Amino acid sequence: MNLSTLYKILLEKYGHQGWWPLLELHEKGINPTKSGSIRGYHPKDYSYPKTKDQQFEIILGTILTQNTSWIQVEKVLINLKQLNSLSPDSILNLDKEKLKQAIKPAGYFNQKSERIILLAKWFKELNHTPDRTELLSLKGVGPETADSILLYAFKIPSFVVDTYTKRILTNLEIINEKEKYEKIQKLFHEFLPKDFKIYQEFHALLVEHAKHFYLKKENWRKDFLKSQ
DNA sequence: AACCAGGACGTGA
DNA sequence: TCACGTCATGGT
C-alpha cells in the first residue's frame with residue numbers, strides 16, 4: 001500500500017471532503033448531509049477562504065480544535081459570531097472574560113483565549129504570507145497547527161499530520177508507532193504531487209476514515225484497508 | 001463512568 | 001532529545 005493508492009481508495013469511498021468548514025456556509029446550510037449536525041464544508045470548491053476574515057476564522061479554528069472535537073469548535077464560532085467578534089479587531093475589543101466564556105465549549109479556555117488574542121494581534125499586522133518557522137514561533141502553534149494554517153488558510157502545500165494520520169499509517173504498517181512528525185510529513189511530500197488541493201483532501205479523508213475505524217483501539221483491525 | 005476529541009507547552013532526566 | 005503531567009469542556 002503506497003500513499004497514492006491510499007488516497008485514491010479513500011477518495012473513492014468517502015468522496016471530496018471540502019475542508020476547511022466555514023461558519024458562513026454552515027449558516028447557509030451548504031452540504032447539510034455531512035455527518036452529524038456539522039456543516040460548512042464546500043466539496044470541490046477550493047476558492048475558500050475568500051476574505052481575510054475567513055482566513056482568520058480558519059486560524060481561529062486551528063487553535064480551538066486542538067485536542068477537541070470540531071462540534072465543540074463550531075459552538076465557539078457561533079458564540080463569537082453572536083458577539084460580533086469573528087475578526088481580529090473585534091476580538092481585541094472584546095472583554096477578556098466574555099472571550100473566555102465564548103471559548104468554554106472547546107475547553108482550555110484560559111490558554112486558548114490568551115493565544116487567540118496574541119494571534120489576532122499578529123494577524124492584524126500581517127502583510128505577507130507567513131512560513132512554517134514564523135508560525136511555529138507563535139505561542140500555541142505547534143507543528144500540526146502550523147501546517148493546518150499553511151494548508152487551509154494560505155493554500156500552501158504543507159501536509160497536516162494529526163493523531164488519526166499516525167494511527168492509520170501505523171496500523172497499515174507504513175510507519176512505526178513512534179515515528180516523528182516531520183518524518184511522516186516528508187513521506188507525504190515525497191510521494192504526492194505538490195498540490196494544496198490534494199493535501200487538503202487527503203488529510204480530511206484520513207480524518208473521515210479514522211472516524212469510521214479508529215475511535216476505539218479494538219476497531220483498528222476492522223479497517224478494510226488492511227485487506228486491500 | 002471512564003475515555004477521548006482534527007495538540008501544545010513546560011519540566012526534569 | 002524525550003517521556004510525562006497539565007490544560008478543560010462535552011460526547012459517547
Side-chain angles (χ1 to χ4, degrees), chain A residues 10 14 16-23 26 31 34-43 48 57-80 96-119 122 132-153 158-170 176-185 188 199-220:
Chain A
L10 291 178
Y14 300 109
H16 293 81
Q17 298 299 301
W19 279 34
W20 190 276
L22 288 163
L23 196 53
H26 168 106
N31 193 21
K34 187 74 183 176
S35 60
S37 64
I38 300 178
R39 304 180 185 184
Y41 299 86
H42 42 90
Y48 295 98
E57 181 185 327
I58 293 172
I59 293 173
L60 271 183
T62 65
I63 296 295
L64 290 170
T65 197
Q66 289 172 1
N67 206 33
T68 313
S69 52
W70 184 256
I71 185 79
Q72 300 302 110
V73 176
E74 209 171 45
K75 294 174 187 172
V76 176
L77 293 176
I78 290 170
N79 285 345
L80 291 174
K96 194 175 277 187
E97 285 308 312
K98 281 190 178 176
L99 179 59
K100 286 187 180 181
Q101 288 307 309
I103 291 175
K104 265 199 174 176
Y108 309 113
F109 56 87
N110 287 310
Q111 325 187 64
K112 285 179 178 175
S113 58
E114 291 299 329
R115 292 167 183 180
I116 281 171
I117 289 172
L118 291 174
L119 269 178
W122 166 79
R132 197 168 189 269
T133 307
E134 178 176 358
L135 291 171
L136 287 174
S137 73
L138 301 170
K139 205 168 295 288
V141 178
E144 184 184 337
T145 304
D147 291 324
S148 295
I149 293 173
L150 289 173
L151 184 58
Y152 291 104
S158 194
F159 205 89
V160 178
V161 180
D162 59 22
T163 51
Y164 288 146
T165 307
K166 289 178 189 168
R167 281 184 205 174
I168 294 171
L169 294 196
T170 300
N176 59 14
E177 188 178 0
K178 300 189 84 296
E179 200 66 84
K180 291 168 88 176
Y181 187 102
E182 276 74 15
K183 199 164 176 184
I184 301 173
Q185 184 185 50
F188 286 91
Y199 283 25
Q200 288 184 349
E201 289 294 351
F202 201 173
H203 168 236
L205 283 166
L206 286 166
V207 173
E208 181 63 22
H209 179 64
K211 285 176 177 169
H212 287 253
F213 295 96
Y214 291 82
L215 293 181
K216 293 180 179 176
K217 188 151 190 171
E218 59 261 34
N219 289 340
W220 290 22

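Values in this document were obtained by computation on a predicted structure and should not be read as measured data. We name chains A, B, ... by the order of the sequence lines, and we start the count at 1 in each one.
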ask   = Which whole number of Å gives the distance between the P atom of B:dC4 and that of C:dC4?
value = 16 Å

task = May I have the distance from A:K211 (atom NZ) to C:dT12 (atom P), rounded to whole angstrom?
result = 12 Å

ask   = Roughly, in whole Å, what's the span from CD in A:Q72 to C1' in B:dG6?
value = 13 Å

query = Given that A:A106 and A:K178 both sit by DNA chain C, which one's nearest nucleotide is further toward the 5' end?
reply = A:K178

query = Rounded to the nearest Å, what distance is computed from the CD atom of residue A:E74 to the P atom of nucleotide C:dG10?
reply = 15 Å

message = Using 0.5 Å steps for rounding, measure from the CG atom of A:L138 to the CG atom of A:L118.
response = 8.5 Å

request  = State which of B:dA8, B:dA5, C:dT9 makes the closest approach to the side chain of A:K104.
outcome  = C:dT9

query = Within the structure shown, what part of the strands sits under 4.0 Å from A:G107 by heavy-atom distance: base, sugar-phosphate, or nothing?
reply = base

Integer angstrom distance from the P of C:dG10 to that of B:dA8 = 22 Å

query = Any ion pair linking A:K166 and A:E177 (charged N to carboxylate O, less than 4.0 Å)?
reply = no

ask   = For atom C1', what is the distance between B:dA5 and C:dC7, given to the nearest Å?
value = 14 Å

message = Pick the closest DNA chain B nucleotide for A:Y152 and for A:R115 by heavy atoms, then say which residue is nearer the 5' end.
response = A:Y152

Given A:D147, A:T165, A:D162, the one that forms side-chain hydrogen bond (donor to acceptor under 3.5 Å, both in side chains) with A:Y181 = A:D147

request  = Determine if A:W70 stacks with B:dG6; use a centre-to-centre distance below 5.5 Å and an interplanar angle below 30° as the criteria.
outcome  = yes

inquiry  = Applying side chain to side chain contact (heavy atoms under 4.5 Å, CB included) to A:Q101 and A:F109, what does each step give before you reach the verdict?
reply    = CA-CA 8 Å; A:Q101 288 307 309; A:F109 56 87; 5.9 Å; no

ask   = So which nucleotide from C:dT9, B:dA8, B:dG6 ends up closest to the side chain of A:P21?
value = B:dG6

ask   = Which one, C:dT9, C:dG10, B:dG6, comes nearest to the side chain of A:S69?
value = B:dG6

request  = Provide the distance between the two P atoms, one in C:dT6 and one in B:dG6, to the nearest whole Å.
outcome  = 24 Å

Nearest-Å distance for atom pair NZ/C1', residues A:K112 and C:dT9 = 9 Å

query = Is there a donor on the side chain of A:Y108 or the base of C:dG10 sitting less than 3.5 Å from an acceptor on the other?
reply = no

request  = Classify the nucleic acid contact of A:V73 as base, sugar-phosphate or nothing, counting any heavy atom under 4.0 Å across all strands shown.
outcome  = nothing

query = Is any side-chain heavy atom of A:E144 closer than 4.5 Å to a side-chain heavy atom of A:V161?
reply = no

query = Nearest of B:dG10, B:dA5, B:dG7 to any side-chain atom of A:Q111?
reply = B:dG7

ask   = Per the ring pair (Phe, Tyr, Trp, His ring centres under 6.0 Å) rule, which among A:Y41, A:Y48, A:W20 passes with A:Y152?
value = A:W20

remark   = Within residues 57-66 of chain A, those residues having any heavy atom closer than 4.0 Å to DNA chain B are A:T65, A:Q66

remark   = When A:K180 and A:K75 are each assigned the nearest nucleotide of DNA chain C, the 5'-most assignment goes to A:K180

Separation between CD1 of A:I149 and CG of A:L135, rounded to the nearest 0.5 Å = 5.0 Å

ask   = Among B:dC4, B:dG10, C:dG11, which nucleotide sits nearest the side chain of A:R167?
value = B:dC4

task = Taking only the side-chain nitrogens and oxygens of A:N110, find out if one of them lies under 4.0 Å from OP1 or OP2 of C:dA8.
result = yes

ask   = Would you say B:dG6 has OP1 or OP2 under 4.0 Å from some side-chain N or O of A:T68?
value = no

request  = Might you work through the side chain to side chain contact (heavy atoms under 4.5 Å, CB included) test for A:Y164 and A:L215, ending with a clear yes or no?
outcome  = CA-CA 9 Å; A:Y164 288 146; A:L215 293 181; 3.9 Å; yes

ask   = In whole angstrom, what separates A:I116's CD1 from B:dA8's P?
value = 14 Å

request  = Examine B:dG6: is either OP1 or OP2 under 4.0 Å from a nitrogen or oxygen in the side chain of A:T163? Give yes or no.
outcome  = no

query = How long is the line joining CZ of A:F159 and P of B:dG6, in whole Å?
reply = 16 Å

task = Figure out the OH/C1' separation between A:Y164 and B:dG7, and round it to whole Å.
result = 13 Å

task = Evaluate the side chain to side chain contact (heavy atoms under 4.5 Å, CB included) criterion for residues A:N110 and A:I103: first the C-alpha distance (whole Å), next the side-chain angles of each, then the deciding distance (0.1 Å), finally the verdict.
result = CA-CA 9 Å; A:N110 287 310; A:I103 291 175; over 6 Å; no

inquiry  = How many whole angstroms separate atom CG of A:L138 from atom C1' of B:dA8?
reply    = 13 Å

